Amino acid sequence: MSNAVAALIEALASGSVTVVDLTQPLDENTPVIELPELFAASPGVSIELISKYDDKGPAWYWNTLTMGEHTGTHFDAPIHWITGKDTPNGTTDTISPSKLVTPAVVVDVSAETAADEDYLMTPQRIQEWESEHGQIPAGTWFLMRTDWSKRQGREAFLNARDDGPHSPGFSPAAVQFLIEKRDVLGVGVETVGTDAGQAGGFDPAFPCHTLMHGAGKLGLASLTNLDQLPPTGALIIAAPLKIVNGSGSPLRVLALVSS
Ligand code: MN
């Protein structure tokens, strides 16, 4: 195409391409992952007023934000995990911008998750999807639709019990398959983190973090509206804040979709 950006601008103006917001609202109620007490916790969101058209600032309104890097809809950079700590260009400020505007595939396992809140994506399930939609191209986001984002409230979303949290994720074999056989850019999920709630007990523990980041790959957590995306053909804009040496960041994730 001679002027692909002009064509895209025209498609957006005519509505033949639409923008889907894959981002959860960010406020004091945003749930944050809970860790066993021996580890340091990430704080929840706090928003403190600096001024609002008042004595402290008569014509302007602004706030101070406090939160962990991995809060709400957020990006996981490779250096987030010890296995990825030496990844070249593996921090939020050094990841190539070309990776931040990338196609996605969406694999719908909402029915499986409704039947089993500990549902794990498997290589077999991925290949079943591929038999219908084609092989997952290298360098794409693998988005796992579970409809988990439709759960209302912190308790239902984190779904913690005496034996830890229960939420869907990936089997170690699925993670290995996506890295070694498909070379995906990374994975995106609707849950609080890319690993299943029970993944601390897997081998390896937290396979998405351990293996994906060890392979220099990325993560997106707490996505929503994946039910509005086609199985293939969505273009994802997911650009973390350019935090120097950042391990991740809250971000706005948008999808461009042909309608
Ligand atoms: Mn994270």
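Note that the coordinates shown come from a computational prediction; the quantities given were computed from them, not determined experimentally. For ligands, and for the atoms within them, numbers begin at 1 and follow the listed sequence.
If you check the side chains of Gln24 and Ser222, you find no donor sitting under 3.5 Å from an acceptor. Donor-acceptor pairing under 3.5 Å is recorded for the side chains of Thr91 and Thr94. There is a side-chain donor-acceptor pair under 3.5 Å between Ser149 and Thr224.
Among heteroatoms of the N, O or S kind in His70, ND1 lies nearest the Mn ion (ligand 1). If you look at Asp76 and ask which of its N, O or S atoms sits nearest the Mn ion (ligand 1), the answer is OD1.
Residue side and main chain included, His209 places no N/O/S atom under 2.8 Å of the Mn ion (ligand 1).
Between Arg145 and Asp108 there is a salt bridge, since a side-chain N of the basic residue sits under 4.0 Å from a carboxylate O of the acidic one.
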